[in-house]
S.K.: 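Structure provided below as structure tokens; questions to follow.
As a basis for the values below, the full set of heavy atoms in this structure was taken, side chains included, without hydrogen atoms, waters or symmetry mates. Numbering starts at 1 and runs along the sequence shown. Each ligand, and each atom within it, is numbered from 1 in the order the structure gives.
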Amino acid sequence: MTEKRTSIHGQWTSRTVFILAATGSAVGLGNIWKFPYITGENGGGTFVLVYLLCIALIGVPIMMAEIMLGRRGKQSPINTMLALAKDEHRNPGWVWLGWMGVAAGFLILSYYSVIAGWAMSYVFRTGGGMFLGITADGANSIFAALVGDPERLLAWHTIFMLITMMVVARGVKNGLEKAVTLLMPLLFALLIVIVIYAMTTGYFMEGVRFLFTPGTIDGKGILTAMGHAFFTLSLGMGAIMVYGSYLSEEYSIVQASILIALADTVVALLAGLAIFPIVFANGLEPGAGPGLIFQTLPIAFGHMQGGTLVGVVFFTLLMFAAWTSAISLIEPAVAYLVENKGVNRIYASVWIGGLTWFVGLGTVFSFNIWKDKTLSIPYLFENKTFFDTLDYLTANIMLPLGGLFIALFAAWVMREQSTKDEMKTYPFIYKTWRFLVRFITPVAVIIVFLKAVDAI
Ligand code: PFF
């Protein structure tokens with residue numbers, strides 16, 4: 001069946017808006033907060049190389065598949081998977097893939113919101129002049145005081161969830177289109193300002209060497225790099241699929257995917273180039289963990305000309321970048337409730353946002369009163385806090401698994417003609433994409449999974 005569907009949630013007004021919204025989803029805390037700290041924890045160069053390979057060979061083809069499925073299904077990921085499986089006369093059981101995506105988005109948002117809260121609180125810390133002339137020790141203790149205080153974290157987490165719910169309730173288009181058009185380019189410009197500062201520290205080349213000189217990596221590091229490729233491109237859980245469902249027929253999926261992946265990668269690399277020189281110049285530990293950017297960037301803001309202003313604007317933009325990603329994390333679930341339960345967007349956002357907020361309490365406490373409560377799952381991980389566990393399960397397991405099955409569905413379950421109709425691209429590009437999603441992408445994901453459990 002190839003009858004054309006339309007989305008009941010509306011459509012992006014132009015291709016540019018879709019690209020901006022999808023880039024808004026992709027560029028977020030993953031690029032600026034997570035990429036540097038996991039690169040630091042995994043030793044730099046080789047990790048970055050594996051991550052870049054995963055973006056190119058796994059991420060980009062899956063992004064094309066995800067947008068394609070969304071645009072063809074025109075509904076929330078759950079209903080899209082159901083509809084497409086039926087179109088192709090396949091088992092409707094594929095719907096579970098949509099459900100897993102919704103679950104992953106929900107879990108990711110629960111901790112994402114807490115970390116976005118850190119960025120918000122840093123707007124005020126920087127603005128209040130707290131970092132003027134600060135030392136590395138000073139920056140460390142300010143960060144430790146913040147995360148050690150559950151009430152404060154809770155307050156910021158609550159504010160962030162509320163503003164996310166507000167935009168989602170208004171509808172992705174109205175809320176989001178305006179926000180991203182201006183803010184994304186500005187964030188980019190500010191990152192460049194910080195990189196320029198990093199060049200003046202005298203340790204710039206050390207940062208570059210750390211990021212780009214190959215060293216060693218283990219199976220777990222490879223899994224983290226691959227998981228991050230999914231996380232940073234918002235793949236494997238239906239966020240990009242749901243955005244694809246608001247995309248009109250005539251736009252090129254291939255071109256859009258490449259643009260989004262490029263923008264996302266450049267932002268992550270810029271963040272790395274901004275942060276590591278500051279780490280080395282101040283004798284900090286690259287593997288310091290989730291606090292890394294909050295312990296390093298204040299030093300830059302406390303010492304550069306006009307640093308207070310740059311810092312305030314930077315953390316504000318980081319908050320916006322997190323916001324535009326958070327919206328896409330919750331959208332699949334909201335779209336589903338609107339489609340299946342006949343509720344309006346406001347009601348759906350309040351319910352899902354409220355539940356997410358509640359689960360987020362676990363992350364709030366992971367940094368203070370539950371700091372020592374850890375979990376181990378044989379073969380998977382050891383001694384992880386609530387936050388670390390959620391992060392690991394979502395980014396390293398659920399997203400790659402979701403992405404793997406999206407690739408398998410697009411490449412093996414759908415008829416070739418259906419995907420060809422939807423991709424509308426040159427035969428050579430179509431063939432390359434199809435080869436990648438049929439063979440390279442699934443095999444690569446499976447090898448990485450097996451390596452991580454030391455099975456090969
Ligand atoms: N890509 C976002 C980031 O890098 O911060 C996080 C994210 C958004 C992950 C949406 C997954 C998702 F579906």
S.K.: A quick test of your reading: do over 12 heavy atoms of other residues, nucleotides or ligands sit less than 6.0 Å from NZ of Lys424?
M.R.: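 Buried by this count: over 12 neighbours within 6.0 Å.
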S.K.: Does Phe230 approach ligand 1 within less than 4.0 angstrom via side chain, backbone, both or neither, non-hydrogen atoms only?
M.R.: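 Neither; nothing of Phe230 gets under 4.0 Å from ligand 1.
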S.K.: According to side chain to side chain contact (heavy atoms under 4.5 Å, CB included), who are the partners of Gln75, at least two apart in sequence or on a separate chain?
M.R.: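 With neighbours one apart ignored, the set is Arg5, Asn79, Thr80, Ala83, Glu339.
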S.K.: Measure the distance from atom 2 (C) of ligand 1 to every protein heavy atom, then report the residue, atom name and distance (to 0.1 Å) of the closest one.
M.R.: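 The closest one turns out to be Ser25 O, 3.3 Å.
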S.K.: Between the side chain of Arg71 and the main-chain N/O of Glu422, is any donor-acceptor distance below 3.5 Å?
M.R.: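 Indeed, once roles are kept as given, a pair shorter than 3.5 Å links the two residues.
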S.K.: Please list, in number order, the atoms of ligand 1 under 4.0 Å from a heavy atom of Leu29.
M.R.: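 Counting atoms of ligand 1 from 1, those under 4.0 Å from Leu29 are 5 (O).
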S.K.: Taking atom types as modelled and ignoring hydrogens, do the side chains of Thr158 and Trp357 form a donor-acceptor contact shorter than 3.5 angstrom?
M.R.: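 Judged by distance alone, the side chains do pair up.
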S.K.: Of the protein's non-hydrogen atoms, which lies at the shortest distance from atom 5 (O) of ligand 1, and what is that distance?
M.R.: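 Nearest neighbour among protein heavy atoms for atom 5 (O) of ligand 1, to 0.1 Å: Tyr112 OH, 2.5 Å.
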S.K.: Checking the N or O distance criterion of under 3.5 Å, is ligand 1 in contact with Gly30?
M.R.: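 Between Gly30 and ligand 1, an N or O pair is found under 3.5 Å apart.
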S.K.: How far is atom 9 (C) of ligand 1 from its nearest protein heavy atom, and which residue and atom name does that atom have?
M.R.: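 Of the protein heavy atoms, Phe231 O, 3.2 Å lies nearest.
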S.K.: Quick check on contacts: which atoms of ligand 1 are under 4.0 angstrom from a heavy atom of Met237?
M.R.: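 The atoms of ligand 1 under 4.0 Å from a heavy atom of Met237 are 12 (C), 13 (F).
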S.K.: For Glu41 and Lys34, run salt bridge (Lys or Arg N to Asp or Glu O under 4.0 Å): C-alpha distance rounded to whole Å, both residues' side-chain angles, the deciding distance at 0.1 Å, then the answer.
M.R.: CA-CA 11 Å; Glu41 283 180 340; Lys34 193 171 179 191; over 6 Å; no
S.K.: Among protein heavy atoms, which lies nearest atom 11 (C) of ligand 1, and at what distance?
M.R.: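 Atom 11 (C) of ligand 1 sits closest to the protein heavy atom Ser234 CA, 3.5 Å.
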S.K.: Between the side chains of Ser328 and Ser234, is a donor N or O closer than 3.5 angstrom to an acceptor N or O?
M.R.: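 No, no side-chain donor-acceptor contact under 3.5 Å.
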S.K.: As a check for students: among Ala395, Gly236, Ala26, Ala322, identify the option with a heavy atom nearest to atom 4 (O) of ligand 1.
M.R.: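 Of the listed residues, Ala26 has the closest heavy atom.
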S.K.: Partners of Arg125 by salt bridge (Lys or Arg N to Asp or Glu O under 4.0 Å), sequence neighbours excluded?
M.R.: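 Result, salt bridge (Lys or Arg N to Asp or Glu O under 4.0 Å) vs Arg125: none returned.
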